[in-house]
Amino acid sequence: MHPQTPTIHQGRQLTAAAIQALRPGDYLADANERGLRVVAYPKRKAFLYRYRGHDGRLRQVTIGDARELSIAEARGRVRNLRQARSDGHDPRHVRLEAIAEVVEATAQTVYTVEQLICDYATEHLARTKRGAERERLLRHDLGHWQRRGAATITRAEVKALLADVGARAPDTAGRVLRELRSAYAHALDRE
């Protein structure tokens with residue numbers, strides 16, 4: 001039996017029902033906003049902006065999770081990124097600068113690792129099948145950082161943590177890294 005190939009729906013009206021109907025691997029391009037797409041992954045759906053870079057190569061940047069971002073908000077973000085592109089800026093860099101601004105603002109209000117885990121657990125993990133186990137994993141391995149600002153954790157500290165966890169349980173180190181990345185991505189999306 002041949003695996004089912006992904007379907008790309010070109011130029012359809014984006015609606016919540018159309019997005020809900022997407023299967024993993026499917027894309028849906030918006031007829032109203034050039035460059036806006038929705039892609040279905042196995043566990044989530046995300047809005048993307050596809051564009052040609054100044055070098056002529058096709059690129060894309062993730063705008064946000066389709067469960068948390070409305071279609072109107074996604075269209076607005078695409079318009080902003082398209083304007084930045086026409087002004088000579090690369091939309092990927094614009095997105096990274098926006099994330100850096102959020103991290104900087106978060107650092108000034110001292111958003112702690114404990115708050116990061118709590119928000120991630122209540123807003124995301126609570127809806128998943130093994131959310132309690134994933135939360136326990138984060139709390140166990142990041143417990144010594146819980147009072148620190150989430151923005152103050154460095155890449156070197158994360159690598160050292162993963163090395164310690166990997167020495168104890170190699171498979172667990174990968175899960176800790178995946179959950180840590182997801183928690184930070186969730187916090188950045190929520191600003």
Side-chain angles (χ1 to χ4, degrees), residues 6-112 115-128 131 149-151 153 178-191:
T7 306
I8 299 176
H9 303 282
Q10 293 292 336
R12 287 184 50 196
Q13 179 71 26
L14 272 188
T15 62
I19 293 171
Q20 186 66 32
L22 293 176
R23 296 178 317 239
D26 289 354
Y27 281 92
L28 177 60
D30 187 20
N32 293 347
E33 200 62 55
R34 188 175 38 92
L36 176 61
R37 285 185 163 201
V38 179
V39 62
Y41 297 110
K43 300 210 180 217
R44 69 183 184 102
K45 294 175 176 118
F47 288 109
L48 305 174
Y49 171 49
R50 285 184 65 127
Y51 64 98
R52 290 227 177 253
H54 296 293
D55 59 358
R57 295 175 61 188
L58 190 61
R59 302 184 191 283
Q60 70 183 20
V61 63
T62 302
I63 297 172
D65 193 314
R67 293 176 297 200
E68 300 168 357
L69 195 64
S70 73
I71 296 169
E73 290 171 324
R75 286 177 177 149
R77 288 186 184 183
V78 165
R79 281 190 289 275
N80 292 342
L81 289 173
R82 191 177 311 113
Q83 180 61 45
R85 184 177 161 271
S86 67
D87 291 342
H89 303 289
D90 187 344
R92 287 184 303 169
H93 295 130
V94 170
R95 177 78 174 135
L96 290 174
E97 288 170 5
I99 289 171
E101 288 174 11
V102 169
V103 168
E104 198 173 297
T106 301
Q108 295 193 6
T109 59
V110 190
Y111 185 71
T112 64
Q115 290 169 318
L116 174 91
I117 294 170
C118 284
D119 290 347
Y120 179 60
T122 57
E123 296 171 9
H124 178 72
L125 292 180
R127 295 182 286 178
T128 63
I153 306 299
R178 184 172 51 248
E179 292 304 327
L180 186 59
R181 281 181 176 161
S182 294
Y184 270 91
H186 178 266
L188 290 172
D189 282 344
R190 292 291 187 168
E191 297 181 1

Taking atom CZ of R44 as the centre, does the number of heavy atoms from other residues, nucleotides or ligands within less than 6.0 Å exceed 12?
yes
E33 versus L14: any side-chain heavy-atom pair under 4.5 Å?
no
Any side-chain heavy-atom pair of E123 and E68 under 4.5 Å:
no
Within a strict 4.5 Å, meaning less than it, do heavy atoms of the I63 and V78 side chains meet?
yes
Report the C-alpha separation of V39 and Q60 in whole Å, then their side-chain angles, then the decisive distance to 0.1 Å, and conclude whether the side chain to side chain contact (heavy atoms under 4.5 Å, CB included) test is met.
CA-CA 11 Å; V39 62; Q60 70 183 20; over 6 Å; no
Q115-D119 side chain donor-acceptor pair, cut-off 3.5 Å:
no
Mind listing the closest non-hydrogen atom pair of A74 and L36 along with its distance?
CB-CD1, 4.2 Å
Please report the interatomic distance NZ(K45) to CZ(R23), rounded to the nearest 0.5 Å.
10.5 Å
Can you tell me how far CD of E179 sits from OH of Y184, rounded to the nearest 0.5 angstrom?
14.0 Å
Could you state the interatomic distance from CZ (R57) to CZ (R52), rounded to the nearest 0.5 Å?
11.0 Å
Separation of Y120 OH from H186 NE2 (nearest 0.5 Å)
8.0 Å
How about R75 and R79: do any of their side-chain heavy atoms sit closer than 4.5 Å?
yes
How long is the span from the CZ atom in R67 to the CD1 atom in I19, to the nearest 0.5 Å?
12.5 Å
Nearest atoms (heavy-atom pairs only) where I71 meets A16:
CD1-N, 3.8 Å
Would you indicate whether R181, at its atom CZ, is surrounded by more than 12 heavy atoms from other residues, nucleotides or ligands within a distance under 6.0 Å?
no
I want to check something: taking the side chain as every heavy atom from C-beta on, are L81 and Y51 in contact at a cut-off of under 4.5 Å?
no
Distance (rounded to the nearest 0.5 Å) between S70 OG and F47 CZ:
7.0 Å
